[in-house]
Amino acid sequence: MTAVTPAAPISRIRLPGIAPLLVLASVAVMGGLVILPLITVFQSAFAKGLSTYLAALKDPDAQAAIRLTLIVAAIAVPLNAAFGIAAAWCVAKFEFRGKSALITLIDLPFSFSPVVSGLVWVLLFGAQGWFGDYLVEHDIKIIFALPGLVLATILVTLPFVARELIPLMQGQGSDEEAAALTLGASGFTTFWKITLPNIRWALLYGVLLCNARAMGEFGAVSVVSGHIRGQTTTLPLHVEVLYNDYDFVGAFAAASLLASLGLVTLLLKTALEWRHAGDLSAGRKR
Amino acid sequence: MSHFKITRRGLVGAGAVLGGAAATGLPGLAFGAPALGDTLLNVSYDPTRELYKDINGAYAAYWKGKTGKTITINQSHGGSGKQARSVIDGLQADVVTLALAADIDEIAKRAKLLPANWQSRLPNNSTPYTSTVVFLVKKGNPWKIHDWPDLIRPGIQIISPNPKTSGGARWAYLAAYAYGLKHGGDAAARDYITKLYKQAPVLPTGARDATTAFAQRGLGDVLLSWENEAYLTIEEFGPHYDIVYPSQSILAEPPVALLDKNVDRHNTRLLAEGYLNFLYSPQAQDIIGKHHFRPREAKAAAKYAAGFKQIPLVTIDDTFGGWTKAQARHFADGGVFDQIYKPS
């Protein structure tokens with residue numbers, strides 16, 4: 001969890017000459033590891049000109065992949081936002097046995113490999129899995145279809161919103177809610193008028209991160225996808241398919257969309273941090 | 001996405017979407033209604049991507065001419081073993097076109113989607129074409145790799161996929177093993193194969209992963225490759241590579257099969273049967289030859305014969321007693337491959 005006590009500012013530690021060196025090193029690392037690959041993505045995407053780039057994105061399979069990615073995110077992200085609010089509310093405003101166990105559970109998807117997050121659904125809903133016979137008999141498709149992709153994405157992105165909200169809501173305490181309830185507000189009104197406005201920026205922050213991961217997730221969805229072209233390939237899987245088809249322009253054109261999504265997320269995130277730093281974390285007040 | 005401001009109305013909207021999603025329920029989210037017999041899913045192995053793109057186009061045109069109906073053929077490609085695993089786990093393939101019979105046997109055994117005698121239902125052991133394993137080296141063959149013993153010279157790095165997930169890799173493994181068998185018997189074969197996989201720095205999951213690792217990323221000195229994949233690499237990446245035919249290799253027979261339970265559920269038996277029979281037609285056999293697979297049909301075989309070097313090819317049945325035996329002895333858990341291969 002985020003530490004509430006702020007660390008000593010680095011400028012107070014006197015080590016002459018170290019600071020510029022560190023800055024230089026981090027710039028070099030960022031340049032090499034982040035900027036350079038980013039440039040390569042766009043350069044490769046436009047290697048054969050704008051019209052080839054656009055044609056690659058207009059390809060029916062690419063369109064289907066974009067659509068599928070948006071649908072998966074549109075289902076997974078709101079569900080995880082709702083879950084995140086509920087979990088954070090629960091953890092921050094109430095005392096109950098097993099609370100730390102719940103916090104650990106919320107964090108769990110961060111600690112195991114995305115492949116596992118996909119494989120668990122295969123073990124549950126695959127034809128040879130726990131519910132396999134029932135699903136096959138009733139012709140319900142979960143694995144290798146949209147529901148499986150959504151489930152895998154939800155599991156991987158589960159912690160994002162909750163983790164953003166829990167420290168904030170813990171820091172805020174429940175005084176304001178208690179006051180509202182004392183004055184006769186209903187539970188719903190209290191949530192709507194007190195809690196939600198207090199957390200809205202942190203919520204948006206969490207949703208942004210959740211969305212970026214939901215659209216960019218590869219490992220977990222790869223396991224449950226079945227890789228049917230134009231049917232169950234999300235954008236990151238589509239990149240892999242095209243790369244393996246030796247269609248490098250197409251692969252990087254699709255990758256450029258994901259890179260752009262990352263850049264937009266980064267911009268919005270930075271704007272949020274800049275304008276609403278105080279609202280994002282009780283401990284990070286300026 | 002810009003100027004995204006949280007308003008109460010916005011949140012109510014989000015809530016409505018959420019409620020809607022919940023009300024729809026899981027079955028409602030499933031992909032469309034059951035197909036009405038106009039869509040096929042062909043789950044195939046890795047290096048047939050380009051082949052089936054052409055075959056599917058030709059078959060759709062053929063079917064349209066015959067019945068007036070427009071059909072869609074969906075494709076999924078990956079390492080043969082991995083693809084079989086997906087079908088067993090419920091990937092709704094109407095037909096499978098995999099790298100080797102053992103993978104389809106596995107589907108018959110574990111998921112019971114087709115009868116155990118599936119391989120006798122179509123001509124030529126249900127293999128509409130054959131292929132073999134060759135070496136792909138850098139132009140001019142700088143390391144002078146001409147035959148199997150050259151692969152285990154110190155310092156040579158080989159690229160071959162993982163035999164657990166890839167069909168081509170199992171053919172390559174057996175081709176190497178057969179060379180060892182011929183030159184010293186079982187002990188020598190085992191010794192050779194142990195040394196061979198010591199020279200493999202990575203084991204990609206499928207043939208195509210291996211090819212891109214070798215050709216696109218420049219890993220390794222020699223790629224143990226499907227013959228068709230080797231020719232395709234030269235077509236795609238230009239003349240930076242040479243194909244080397246070793247003194248002997250293996251007759252690879254990639255089979256095709258219809259999954260009875262799945263086609264009956266999708267109501268696509270007629271379409272799927274037609275598709276597999278079409279693979280044996282002169283038109284499809286010509287496409288097969290064009291993509292550097294070895295056609296079965298005499299005319300196409302003669303037309304493309306010049307492209308294939310004739311070298312002695314051992315067969316899975318004569319040398320290894322069939323796929324069931326070979327799979328159990330070499331590639332099952334604890335089999336020879338597990339004993340000799342230690343990931344570095």
Side-chain angles (χ1 to χ4, degrees), chain A residues 68 71 74-79 81-82 122-123 125-129 132 135-136 138-151 192-193 196-197 200-201 203-204 207-208 211 222-233 240-241 243-246 248 261 264-265 267-268 271, chain B residues 1-2 4-8 11 14-15 17-22 24 26-34 39 41-43 46 49-50 53 72 74-78 82-83 85-93 110-111 113 206-209 211-212 215-216 232-233 235-237 261 265-266:
Chain A
L68 182 63
I71 292 171
I75 299 171
V77 174
L79 282 176
V122 176
L123 294 177
F125 300 125
Q128 314 299 314
L135 296 174
V136 168
H138 292 78
D139 202 21
I140 302 169
K141 289 185 201 162
I142 293 185
I143 302 302
F144 309 124
L146 181 63
L149 295 170
V150 171
L151 285 173
W192 201 246
K193 298 210 156 164
L196 204 55
R200 58 184 173 180
W201 296 113
L203 177 63
L204 182 56
V207 164
L208 261 178
N211 182 62
S222 175
V223 175
V224 296
S225 148
H227 304 274
I228 309 167
R229 288 153 186 250
Q231 301 281 320
T232 62
T233 46
E240 190 203 25
V241 164
Y243 184 81
N244 278 341
D245 282 357
Y246 302 135
F248 299 119
L261 169 77
V264 169
T265 306
L267 277 179
L268 290 174
Chain B
M1 275 287 255
S2 63
F4 187 43
K5 201 172 164 194
I6 290 202
T7 60
R8 201 164 297 171
L11 278 173
V17 171
L18 247 175
T24 323
L26 277 182
L29 293 175
F31 248 102
T39 306
L41 173 58
N42 174 5
V43 172
D46 227 2
R49 295 158 184 263
E50 296 73 19
K53 207 172 167 185
T72 312
N74 291 317
Q75 282 295 140
S76 169
H77 294 278
K82 180 178 144 249
Q83 294 292 78
R85 183 71 243 179
S86 291
V87 171
I88 291 167
D89 282 332
L91 183 57
Q92 293 293 309
R110 289 180 192 254
L113 296 174
R208 193 51 64 86
D209 291 340
T211 312
T212 47
Q216 176 77 359
L232 180 71
T233 307
E235 280 172 15
E236 286 289 336
F237 290 90
K261 279 208 179 146
R265 198 158 39 230
H266 306 152

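Numbers restart at 1 for each chain; the letters A, B, ... are given by sequence-line order, proteins then strands.
Annotation: salt bridge (Lys or Arg N to Asp or Glu O under 4.0 Å) contacts of R85(B) (sequence neighbours excluded): D89(B).
Put simply, the side chain of R229(A) does not reach to within 4.5 Å of the side chain of K53(B), judged on heavy atoms.
Atom CG of L41(B) and atom OG1 of T232(A) lie 8.5 Å apart (nearest 0.5 Å). Between the CD atom of Q231(A) and the OG1 atom of T72(B) there is a distance of 8.0 Å, given to the nearest 0.5 Å. Expressed to the nearest 0.5 Å, how far CD1 of I228(A) lies from CG of L91(B) amounts to 5.0 Å. Atom CZ of residue R110(B) and atom CD of residue Q128(A) lie 8.5 Å apart, to the nearest 0.5 angstrom. H266(B) contributes atom NE2, which lies 6.5 Å from atom CG of D139(A) (distance to the nearest 0.5 angstrom).
At a 4.5 Å heavy-atom cutoff, the contact between F248(A) and chain B is made by side-chain atoms alone. Using a 4.5 Å cut-off between heavy atoms, Q83(B) makes no contact with chain A at all. Looking at Q75(B), both its backbone and its side chain come within 4.5 Å of chain A, counting heavy atoms on both sides. In this structure, the portions of I88(B) lying under 4.5 Å from any heavy atom of chain A include both its backbone and its side chain.
In this structure, Y246(A) and F237(B) have perpendicular ring planes: the angle between them is above 60°, well past the 30° mark.
In terms of heavy-atom proximity, R208(B) sits nearest to D245(A) at NH1-CA, 4.1 Å.
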- Would R265(B) and V136(A) satisfy side chain to side chain contact (heavy atoms under 4.5 Å, CB included), going step by step from the backbone distance to the final call? CA-CA 10 Å; R265(B) 198 158 39 230; V136(A) 168; 3.3 Å; yes
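By number of non-hydrogen pairs under 4.5 angstrom with chain A, the leading residue of G78(B), G206(B), G90(B) is G90(B).
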